[in-house]
There are 2 protein chains.
Amino acid sequence: MTRSRAGSRPTMRDVAVAAGVGLKTVSRVVNGESGVTPATAGRVRAAIAELGFRRNDSARLLRTGRTASIALLLEDLGDPFSSALSRAVEEVARARDRLLFAGSSAEDPRRERELALAFCARRVDGLLIVPAGDDHRYLLPEAAAGTPVVFLDRPGTGIEADAVLSDNAVGARAGVRHLIRHGHRRIGFVGDLPHIHTCAARLRGYREAMVEAGLPVDERWIATGPTDRATVARSVARLTGGPGAVTALFTGNNRITLAALHHLPTGAGRPALVGFDDLELADLLDPGLTVVAQDPAGLGTTGARLLFDRIDGDRGPARRIEVPTRLIARGSGEIPPAAH
Amino acid sequence: MTRSRAGSRPTMRDVAVAAGVGLKTVSRVVNGESGVTPATAGRVRAAIAELGFRRNDSARLLRTGRTASIALLLEDLGDPFSSALSRAVEEVARARDRLLFAGSSAEDPRRERELALAFCARRVDGLLIVPAGDDHRYLLPEAAAGTPVVFLDRPGTGIEADAVLSDNAVGARAGVRHLIRHGHRRIGFVGDLPHIHTCAARLRGYREAMVEAGLPVDERWIATGPTDRATVARSVARLTGGPGAVTALFTGNNRITLAALHHLPTGAGRPALVGFDDLELADLLDPGLTVVAQDPAGLGTTGARLLFDRIDGDRGPARRIEVPTRLIARGSGEIPPAAH
DNA sequence: CTGAAAGCGCTTACAG
DNA sequence: CTGAAAGCGCTTACAG
């Protein structure tokens with residue numbers, strides 16, 4: 001196989017020269033277009049093999065005005081929720097012959113913006129984004145220029161765009177109802193930063209369940225803030241300790257649940273626990289972990305399909321789709337209230 | 001903001017016309033090059049804002065001959081090992097101003113090949129690949145043409161290329177030694193398909209530990225095969241049941257460990273267990289799960305750095321780097337042999 | 001300080 | 001059946 005020096009790939013022009021044909025004829029053969037003599041096609045194929053030619057798709061796509069790629073911007077590619085979602089998006093992208101760019105905002109609005117605009121500058125066919133920031137007006141020109149944007153998990157702010165969310169309030173309400181049904185009247189809520197949409201919606205669900213059961217809500221039962229281990233540990237200690245302690249906890253996401261599990265009082269005083277979001281191995285804990293499970297794959301699939309509807313030309317009003325959550329009772333949420 | 005119809009973005013030419021300057025002057029302003037009168041630059045900036053222009057990076061990159069992207073081809077974007085690895089790769093890519101394409105082979109060699117070649121056709125600057133297939137000669141022309149390839153987790157086959165692996169044999173040996181140290185003499189090994197490199201290396205480590213301790217290995221203690229729940233359940237039942245049953249199990253990867261945990265005999269006859277690969281919540285099980293933990297982030301970071309060395313022009317011989325594993329004792333591996 | 005021309009590697013539209 | 005020309009949206013190399 002004759003080849004020029006490493007790093008310089010042969011082009012269609014090189015193939016054309018080698019085969020003694022015109023550029024367009026090479027293009028025809030490479031693209032399987034009809035109207036080429038078998039003999040000519042054979043010479044072209046021989047030259048292709050000889051030179052180790054492979055078409056440059058980036059060049060092809062520039063000419064055709066598409067990029068055959070979509071971008072997925074997550075909170076953290078490495079976390080289980082994001083990765084399950086990614087995989088589902090990938091499958092839809094694959095079915096539609098698109099390659100997938102992926103990136104993490106790391107919960108940093110500046111980084112989110114930077115990455116989103118970088119993807120748009122590459123002219124991806126569409127953008128799926130789990131927002132970290134709370135101002136998405138920077139995407140207005142992109143959307144207007146024809147790059148569809150679909151928000152996942154949380155809605156975008158300052159822009160009319162599709163959003164695919166978990167039914168956060170409904171799910172949280174179901175989880176808290178479950179605790180109430182098992183006899184709890186003093187129930188704590190440990191959540192994320194309160195300005196985050198998911199936290200606000202889940203807290204709303206918590207309040208709804210308490211109100212509909214005629215239970216008072218002591219504001220001291222509600223702890224919101226950063227989700228690092230130490231902060232959650234302090235919140236758990238505060239809510240479950242001392243007089244007037246809660247007998248059950250509802251934890252607002254998987255990071256919080258995980259931290260809480262490590263710092264829960266044990267023995268007879270162990271509070272009941274229902275977590276929002278499922279965890280691997282949750283069924284093997286003792287007691288099993290009762291959760292309101294999200295459907296990250298469902299979010300990804302639904303969001304990606306919606307994005308492709310837009311790519312295909314759907315110009316209807318922005319839609320908001322809620323993907324159902326599911327209560328899975330495994331033991332921790334069925335612990336009865338301890339006699340305090 | 002005047003704008004042509006949605007879907008057609010303004011180009012530098014449009015900006016040049018609107019500002020009454022040449023194309024090159026727009027390019028200068030956009031790229032922050034010197035040598036433009038403040039007045040001219042102002043007119044250009046006004047036109048850019050007016051038209052909502054944003055440079056097309058795909059076009060820019062075609063001209064400059066780079067793509068400022070790398071590709072990561074995994075077994076399954078959705079699994080915890082892959083996603084931790086992805087995130088680490090992303091961070092290195094970001095530090096080097098590259099966007100990241102991601103894709104899953106789904107353990108299908110055909111899909112691996114198809115995706116890898118699609119990435120190469122886009123002319124990614126480099127390719128990181130967790131191989132599914134066992135023949136990577138199809139990458140020979142790509143590597144020769146200057147697209148560096150680094151294999152992760154398992155080495156490539158039929159091609160001289162860098163590989164970054166866990167120290168599978170060393171780690172497995174450490175895990176089995178741990179069981180031996182706790183009094184076990186009959187130890188079972190449940191692994192993946194035996195032709196998979198990681199399975200073979202871990203099985204080798206198992207044998208080494210047994211041999212160095214002077215223990216016989218009954219081939220019936222070794223179960224390799226698919227890692228679905230049912231198959232693993234049967235293997236576990238076979239190894240731990242009946243006369244001559246093993247008193248401890250070494251499970252060869254996280255899927256197998258997870259399945260085994262669901263089907264382990266309980267009570268006094270419970271075998272000791274050490275798993276290769278860590279699991280979230282492993283410390284909260286009862287007993288805690290003893291594992292040989294891999295370092296997926298370390299694999300990703302090391303692999304990505306190696307790839308960028310190659311991108312930067314390193315033409316040295318192919319390297320194989322082993323990333324250390326770490327034994328984490330949490331309880332399940334310290335169960336003494338039951339009196340059978 | 002500014003811009004016209006050529007070119008990155010392809011495809012499109014057209015002519016022979 | 002085949003190919004020369006123009007163009008996708010930029011940058012490079014060069015001339016004024």
Side-chain angles (χ1 to χ4, degrees), chain A residues 4 7-45 47-48 51-68 118 120-125 145-147, chain B residues 4 7-45 47-48 51-68 118 120-125 145-147:
Chain A
S4 33
S8 86
R9 289 179 178 259
T11 68
M12 275 196 183
R13 169 184 296 274
D14 298 327
V15 174
V17 169
V21 300
L23 185 56
K24 177 61 196 171
T25 298
V26 178
S27 176
R28 283 200 181 87
V29 173
V30 168
N31 293 304
E33 290 171 28
S34 62
V36 182
T37 299
T40 310
R43 292 219 310 286
V44 171
R45 288 213 189 77
I48 287 175
L51 295 172
F53 168 79
R54 194 178 298 278
R55 183 180 59 189
N56 182 333
D57 276 339
S58 292
R60 178 174 63 82
L61 290 164
L62 174 63
R63 185 57 182 90
T64 57
R66 308 159 54 249
T67 63
C120 289
R122 295 288 178 107
R123 298 293 187 266
V124 293
D125 297 332
T147 304
Chain B
S4 34
S8 88
R9 288 177 179 261
T11 69
M12 275 194 183
R13 169 184 296 274
D14 297 327
V15 174
V17 170
V21 300
L23 185 56
K24 176 62 194 168
T25 298
V26 178
S27 175
R28 284 200 181 89
V29 172
V30 168
N31 292 303
E33 291 172 27
S34 61
V36 182
T37 300
T40 310
R43 291 219 312 285
V44 171
R45 289 214 187 77
I48 287 175
L51 296 173
F53 168 79
R54 195 180 298 278
R55 183 180 59 189
N56 181 332
D57 276 339
S58 292
R60 178 174 62 82
L61 291 164
L62 173 63
R63 185 60 182 89
T64 58
R66 307 159 55 249
T67 63
C120 289
R122 296 289 178 106
R123 299 292 188 267
V124 293
D125 296 332
T147 303

Return the nearest nucleotide to the side chain of [X]; candidates are [options].
X	options	answer
B/Asn31	D/dT11, C/dC10, D/dT2	D/dT11
A/Thr64	D/dT11, C/dT11, D/dC1	C/dT11
B/Arg60	C/dT11, C/dG9, D/dC10	D/dC10
A/Thr25	D/dC10, D/dG3, D/dT11	D/dG3
B/Arg63	D/dG7, C/dG9, D/dT12	D/dT12
A/Arg28	D/dA13, C/dC14, C/dG9	C/dC14
A/Asn56	D/dC10, C/dT2, C/dC10	C/dC10

Whole Å only: how far is the [atom1] atom of [X] from the [atom2] atom of [N]?
X	N	atom1	atom2	result
A/Arg43	D/dT2	CZ	P	8 Å
A/Asp14	C/dC10	CG	P	9 Å
B/Leu23	D/dC10	CG	C1'	8 Å
A/Met12	C/dG7	CE	C1'	17 Å
A/Glu33	D/dT2	CD	C1'	12 Å
B/Arg55	D/dT11	CZ	C1'	10 Å
A/Asp57	C/dC8	CG	P	18 Å
B/Leu61	D/dC10	CG	P	11 Å

Under 3.5 Å on both distances, the Watson-Crick or G-U partner of C/dT2: D/dA15

Residue whose closest nucleotide on DNA chain C lies nearer the 5' end, B/Thr37 versus A/Phe53: B/Thr37

Position toward the 5' end of DNA chain D (nearest nucleotide), B/Leu62 or B/Lys24: B/Leu62

Closest non-hydrogen atom pair, B/Ala68 against B/Asp125: N-OD2, 3.1 Å

